[in-house]
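Remarks on the structure that follows.
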There are 2 protein chains.
Amino acid sequence: MYTIQDVSKKTGLTAHTLRYYEKEGLITGVERSQGGIRQYTDEDLERLGLIRCLKNTGMSIQEIARFVQLTHEGDHTLEERVELLREHRERVLERMAEMQEHLDKVTWKLNFFTEKLRAYQEKETKKAK
Amino acid sequence: MYTIQDVSKKTGLTAHTLRYYEKEGLITGVERSQGGIRQYTDEDLERLGLIRCLKNTGMSIQEIARFVQLTHEGDHTLEERVELLREHRERVLERMAEMQEHLDKVTWKLNFFTEKLRAYQEKETKKAK
DNA sequence: ATCGGATTTAGAGTTGACTTTAAGTTGAAG
DNA sequence: CTTCAACTTAAAGTCAACTCTAAATCCGAT
């Protein structure tokens, strides 16, 4: 059993964010102590693991909530879940290819400026003589 | 010379967004007709090209504005500009590595669910007999 | 038993990046 | 010359994803 702070440390999400995720239906059924304090299990941590992967690859809170809801509805939603993950995967691959392309242009510009800087510094050195 | 609509079509940014970018200092010195209407040049388009690359690789509006401002200050800011691009490039590479890692986990989960779906469908088929 | 730092809630506030609105102006086509 | 879609501005509105606040409760340590 982990407190919200333990989980915060393990996941890098703040306690605020963890409560927010719960409110939004991303992580459900977290146990409470008799006093109402959250007690996360290892299973909760694992579920948070998948959530973080989806989040970090750009899935929206809403879409993740949808996925989690389908999971609770049982095996008859397996097809829809597979479809959802497949589409997400496609989108991420596209996004990454696009980023790579744009990053290449940035790299090109960087090299260009680096060369320009070299020339400028040489000129300044001469001037100083 | 291009109107804001022409540029919108060429870049995929809306006319609204182009004006917003101008207000935020991302694209400066766009010419105007005697009546005050924007007239973009090929050079403006090229500058927008770099802006789009930075934007698409996750640089914030503010940071791009900073970069553009440095550009206007002349060659003595070359070193800072190179540093800025270099750091951005590093961040993007890290981000992409992280995304790839998380995507791998999603792919793993997807395969897991696909197999589970196959088993489920087989069970349903038997039941139907 | 009591102290104080962590936890709880509902709800308000923030941030970044647009996006829309309102009210007025411009300019190519008929 | 008129028309009317496209342009202009400043400012308000939207959206996602947090982030913070206040006021109350919890609980491990002295």
Side-chain angles (χ1 to χ4, degrees), chain A residues 1-41 44 48 50-69 88 91-92 95 98-99 102, chain B residues 1-41 44 48 50-69 88 91-92 95 98-99 102:
Chain A
M1 293 298 189
Y2 312 99
T3 68
I4 202 164
Q5 281 308 327
D6 296 338
V7 177
S8 173
K9 268 160 207 150
K10 276 176 202 279
T11 60
L13 302 166
T14 70
H16 283 312
T17 303
L18 285 167
R19 284 186 211 108
Y20 167 69
Y21 279 4
E22 196 171 324
K23 198 176 66 174
E24 296 298 313
L26 267 58
I27 175 91
T28 55
V30 176
E31 298 265 329
R32 301 298 184 100
S33 73
Q34 85 295 351
I37 287 177
R38 287 172 182 77
Q39 298 180 304
Y40 292 84
T41 64
D44 290 331
L48 275 169
L50 178 56
I51 287 168
R52 266 162 41 76
C53 286
L54 295 174
K55 185 84 244 308
N56 244 283
T57 49
M59 191 182 279
S60 72
I61 297 293
Q62 210 179 75
E63 257 181 315
I64 300 173
R66 169 80 182 139
F67 180 82
V68 169
Q69 196 209 310
H88 177 61
R91 283 201 306 271
V92 176
R95 177 90 190 82
E98 195 183 64
M99 267 180 93
H102 285 138
Chain B
M1 294 298 189
Y2 313 98
T3 69
I4 202 164
Q5 282 308 331
D6 295 338
V7 177
S8 173
K9 267 161 209 151
K10 276 176 202 278
T11 60
L13 302 166
T14 70
H16 285 310
T17 303
L18 286 166
R19 282 184 214 108
Y20 166 71
Y21 279 5
E22 196 171 326
K23 196 177 65 176
E24 297 299 312
L26 267 57
I27 175 93
T28 55
V30 176
E31 299 264 329
R32 302 297 185 103
S33 73
Q34 83 295 351
I37 287 176
R38 287 171 182 79
Q39 298 181 304
Y40 292 84
T41 64
D44 291 330
L48 275 170
L50 178 56
I51 288 167
R52 266 164 38 78
C53 287
L54 294 175
K55 184 84 245 308
N56 245 282
T57 49
M59 192 181 280
S60 72
I61 297 292
Q62 208 177 77
E63 258 182 314
I64 300 173
R66 169 80 181 138
F67 180 83
V68 170
Q69 196 211 311
H88 177 61
R91 283 201 305 271
V92 176
R95 177 90 189 82
E98 196 183 62
M99 268 180 92
H102 284 138

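None of these values were measured; they are calculated from a predicted model. Below, read A as the first sequence line, B as the second, and so on, with proteins coming before strands; counting in each chain starts at 1. Reckoned from all heavy atoms, side chains included, excluding hydrogens, waters and symmetry mates.
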What's the CD1-C1' distance between I4(B) and dT9(D), to the nearest Å?
12 Å

Tell me whether the OP1 or OP2 atom of dT7(C) has a side-chain N or O from T3(A) closer than 4.0 Å.
yes

Nucleotide dT14(C), atom C1' - distance to CD of Q62(B) in whole Å
15 Å

Scan R38(B) against the nucleic acid and name what it touches under 4.0 Å (heavy atoms): base, sugar-phosphate only, or nothing.
sugar-phosphate

Answer yes or no: is there a side-chain heavy-atom contact under 4.5 Å between L18(A) and E22(A)?
no

On DNA chain C, compare the nucleotides closest to A15(A) and S33(B); which residue's is nearer the 5' end?
A15(A)

Using atom CD of E63(B) as one end and atom C1' of dT15(C) as the other, report the distance to the nearest whole Å.
15 Å

Between CG of L54(B) and C1' of dG16(C) the distance, given in whole Å, is 17 Å

For L18(A) and dT9(C), give me the distance from atom CG to atom P, rounded to whole Å.
12 Å

pair E31(A)-R38(A): side-chain heavy atoms closer than 4.5 Å:
no

Within the 4.0 Å heavy-atom criterion, would you say E22(A) contacts the bases, only the backbone, or no part of the nucleic acid?
nothing

N/O contacts under 3.5 Å, protein versus nucleotides 18-20 of chain C?
residue : atom : partner : partner atom : Å
dC18(C) : OP2  : Y21(B)  : OH           : 2.8
dC18(C) : OP2  : K55(B)  : NZ           : 3.4

Taking atom P of dA17(D) as reference, at what distance in whole Å does atom CD1 of I51(A) sit?
14 Å

Please list, chain by chain and in numerical order, all residues satisfying side-chain contact (heavy atoms from CB on, under 4.5 Å) with L50(B), sequence neighbours excluded.
K109(A), L54(B), F67(B)

Whole-Å gap separating C1' (dT19(D)) and CZ (R19(A)):
11 Å

What nucleotide among dC27(D), dT8(D), dT7(C) has an atom nearest to a side-chain atom of I37(B)?
dT8(D)

Could you check whether Q34(A) gets within reach of a base, just the sugar-phosphate, or nothing at all, counting any heavy atom under 4.0 Å?
sugar-phosphate

Given atom CZ of R32(B) and atom P of dC7(D), what is their separation to the nearest angstrom?
12 Å

When all nucleic acid strands are considered with a 4.0 Å heavy-atom cut-off, which category describes Q5(B): base, sugar-phosphate, or nothing?
sugar-phosphate

Partner set under side-chain contact (heavy atoms from CB on, under 4.5 Å) for V68(B), not counting sequence neighbours:
T28(B), I64(B), H72(B)

